[in-house]
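Heavy-atom basis, side chains included; hydrogens, waters and symmetry copies ignored. If you're wondering where the values come from, they're calculated on a predicted model, not measured in any experiment. In what follows, chains carry the letters A, B, and so on, assigned in the order in which the sequence lines appear, proteins first and then strands, with residues in each chain numbered from 1.
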Number of protein chains: 2
Amino acid sequence: MKDRMTPAVRMAGHSQRGQCAKRLSILDAAADVFCRQGFAGASIDEIAAVACVSRQTIYNHYREKETLFVAVVEDVMNRANAMLFSVLSGFPENADNLEDDLTGFAVRLNKNCICNHDGKFLRKLVQTEGERYPHLFESWRRQGPGKLTTALSALLARLAHGRALVIDDFDVAARQFVALCNADLQMMTLFGETPSDEQLEKAARNAVRTFLKAYGAPPADKAGPRAHLAALPG
Amino acid sequence: MKDRMTPAVRMAGHSQRGQCAKRLSILDAAADVFCRQGFAGASIDEIAAVACVSRQTIYNHYREKETLFVAVVEDVMNRANAMLFSVLSGFPENADNLEDDLTGFAVRLNKNCICNHDGKFLRKLVQTEGERYPHLFESWRRQGPGKLTTALSALLARLAHGRALVIDDFDVAARQFVALCNADLQMMTLFGETPSDEQLEKAARNAVRTFLKAYGAPPADKAGPRAHLAALPG
DNA sequence: GTAAAATTAGACTCCATTGTCTAAATCGTC
DNA sequence: GACGATTTAGACAATGGAGTCTAATTTTAC
C-alpha cells in the first residue's frame with residue numbers, strides 16, 4: 001500500500017485536480033448520508049451513489065468506513081470552526097448602535113453557525129457517536145464551543161470596560177447570550193428545520209433586547225434607568 | 001393473530017403480572033439500546049439480552065423492530081410529559097421569595113426533564129429518527145415542549161399580573177426562561193453528561209438572576225430600580 | 001393437577017452490507 | 001499518440017442482523 005499524500009502535496013500541482021475533486025465530492029456525500037442515516041445506517045454504496053463515484057474509489061481514498069467517517073467529521077469541524085471565528089470577528093467593537101449591532105451579530109451566529117448544515121451535522125453526530133469516538137468530539141468541544149465562550153466572554157468584557165454593559169461574570173454572560181440567541185429557535189434547531197430570515201431576525205431581536213435589559217448599562221442619568229424600554233417601537 | 005390487549009385490560013387482573021413485567025422489561029431494555037445505538041445500530045438480539053428475555057418473546061409482543069421502536073418512543077414520551085407537568089405544578093404561585101422559588105423550579109426542570117435519561121433519549125431520537133417518523137415526533141412536540149411554553153407563559157403572566165414581573169411578550173419570556181436555565185449546561189446536555197447537584201444549583205441561580213434582571217419588577221420606588229443588584233452577595 | 005398460554009433456545013432463511021479482487025475504461029501527462 | 005495512474009462496474013466471499021419456525025420448558029389459570 002503506497003503512502004497517502006498529505007493535503008499540501010495534493011494541492012501542490014494542478015495535476016491532481018481531478019483526484020482532489022473526487023475527494024471533496026466523497027466528503028460532501030458522506031457528510032450528507034452520515035447525517036441523515038447515522039454511522040450504522042449509512043451504506044458505502046449510497047455514499048458512492050450520492051458522490052457519483054464508484055465504491056472502489058472510496059476505498060482507494062479511505063481504508064474503511066470508519067476512516068471515512070472520522071475524515072468527514074474532522075472536515076466538517078474545521079469548516080464549522082473557521083465559520084465560527086469568522087462570525088466572531090464581526091462582533092461589535094463599540095457601543096454606538098449596540099442593540100442593532102448585537103442583533104446583526106446574533107443573526108449571523110444563528111444563521112451561519114447553529115442553524116446551518118454543519119451545525120446540524122455536528123449536533124447530530126456528537127450526540128449519536130460521541131460516546132464511540134470520545135477524543136474526536138472532545139477536541140471539537142475544546143476548539144469550537146469552548147473557544148466560542150472564551151472569545152465571546154472577552155468581547156463582552158471589552159464592551160463592559162467601555163461602560164456599554166454591566167456584567168459581573170463574563171463567562172456566564174457569554175453562555176447566556178448564546179442561549180438567548182437560540183431561545184426562539186430551539187425546537188426548530190432540534191428538529192433540524194431551517195428558520196426563515198424573518199424568524200432569524202425576530203429571534204435575534206428578542207434575544208438582544210432581553211440581554212440588554214439584563215446587562216445593558218443604565219443610560220447616564222439624564223433618563224430613567226429603563227429608558228430603552230420607552231424607546232421600543234409600539 | 002389475536003387482538004393485543006390495551007394497557008387498561010392488561011392491568012385489570014393480577015393474572016398477567018408476569019407478562020406485563022416482560023413488556024416493561026423489554027421497553028426499558030429497548031430504550032437503552034436504541035438510545036445508545038440508534039435505530040439502525042440496535043440489534044434485537046442485544047435488546048433481548050439486556051431485557052433478559054428471548055428474541056421470540058419480543059416478537060410475540062411487537063410485530064417487528066419498527067413496531068417496538070414506536071412503542072418505546074411513545075412510552076418515553078408519555079413518561080417525559082407526565083414529569084414535565086409534574087414539575088410545572090411546582091411553579092411558584094406568589095412573589096415572596098421569588099428568586100429562590102424560581103431557582104428551585106429551574107433546578108427541577110433541568111434535573112427531571114432535560115438532563116435526565118428520558119430527556120437525553122428524546123433529544124437523541126428526535127434528531128436522528130425525526131425525519132423518518134414525522135407524525136410520531138410532531139405529536140410529542142405539540143404535547144411536550146409546545147405545551148411547556150404555553151403553560152409557562154401562563155404562569156409568568158400570573159406573576160406579571162401580580163406585579164412581580166414586567167413582561168411584554170409572555171411566550172418569548174417563557175422560551176427565554178427555559179433557554180437561560182440550560183445556558184450553563186448546554187454542552188453537557190449535548191454530550192449527554194449528567195450535571196452534579198452543585199452544577200444544577202449554580203446554573204439555575206445564574207439563569208434566574210439574569211431573568212429577574214431583565215424581567216423583575218422594579219422595587220416600589222423606595223430603592224433604585226436595580227436594587228436587587230445591590231442585594232447580591234459579594 | 002391439568003390444560004392453556006407464554007417463554008425459551010436454537011436452527012434456519014433471507015437479505016443488506018462490508019471489503020476485496022479483477023479486467024476494462026478513462027484520464028492526465030509527456 | 002502512448003504510458004502510467006486512476007476510476008469504474010461488477011462479481012465475490014464473509015458477516016451480521018431480521019424475522020420465522022419448532023420443539024421443549026415454564027408459567028398461569030382454574
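In summary, the side chains of B:Gln56 and B:Asn60 do present a donor paired with an acceptor at a separation below 3.5 Å, with no hydrogens or angles considered. A donor-acceptor pair shorter than 3.5 Å cannot be found between the side chains of B:Glu64 and B:Tyr59.
Atom pair B:Ile58:CD1 and D:dT20:C1' shows a separation of 15 Å (rounding to whole Å applied). One can place CG of A:Asn60 at 15 Å from C1' of C:dA25, the figure rounded to the nearest angstrom. Look at CD on B:Gln37: it is 13 Å from C1' on D:dG17, rounded to the nearest Å.
Geometric assessment of B:Arg132 against the ring of B:Phe39 yields a negative cation-pi assignment under the 6.0 Å and 45° thresholds. Both cation-pi conditions hold for A:Arg23 and A:Tyr62: the charged atom is under 6.0 angstrom from the six-membered ring centre and inside a 45 degree cone around its axis.
Annotation: ring pair (Phe, Tyr, Trp, His ring centres under 6.0 Å) contacts of A:Phe137 (sequence neighbours excluded): none. A search for ring pair (Phe, Tyr, Trp, His ring centres under 6.0 Å) contacts involving A:Phe170 returns nothing, not counting sequence neighbours.
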Identify all pairs in which a protein N or O lies below 3.5 Å from an N or O of nucleotides 18-21 of chain C, and state each distance.
from: C:dT18; atom 1: OP1; to: A:Ala42; atom 2: O; distance (Å): 3.1
from: C:dT18; atom 1: OP1; to: A:Ile44; atom 2: N; distance (Å): 3.1
from: C:dT18; atom 1: OP1; to: A:Lys65; atom 2: NZ; distance (Å): 3.4
from: C:dT18; atom 1: OP2; to: A:Ile44; atom 2: N; distance (Å): 3.2
from: C:dG19; atom 1: OP2; to: A:Tyr59; atom 2: OH; distance (Å): 3.3
from: C:dG19; atom 1: OP2; to: A:Lys65; atom 2: N; distance (Å): 3.1
from: C:dC21; atom 1: N4; to: A:Gln56; atom 2: OE1; distance (Å): 2.6

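For C:dT7, the OP1/OP2 oxygens have a side-chain nitrogen or oxygen of B:His61 closer than 4.0 Å. Under 4.0 angstrom from either OP1 or OP2 of C:dT8 there lies at least one side-chain N or O belonging to B:Thr57. Side-chain nitrogen and oxygen atoms of B:Lys22 include at least one within less than 4.0 Å of the OP1 or OP2 phosphate oxygen of C:dT8.
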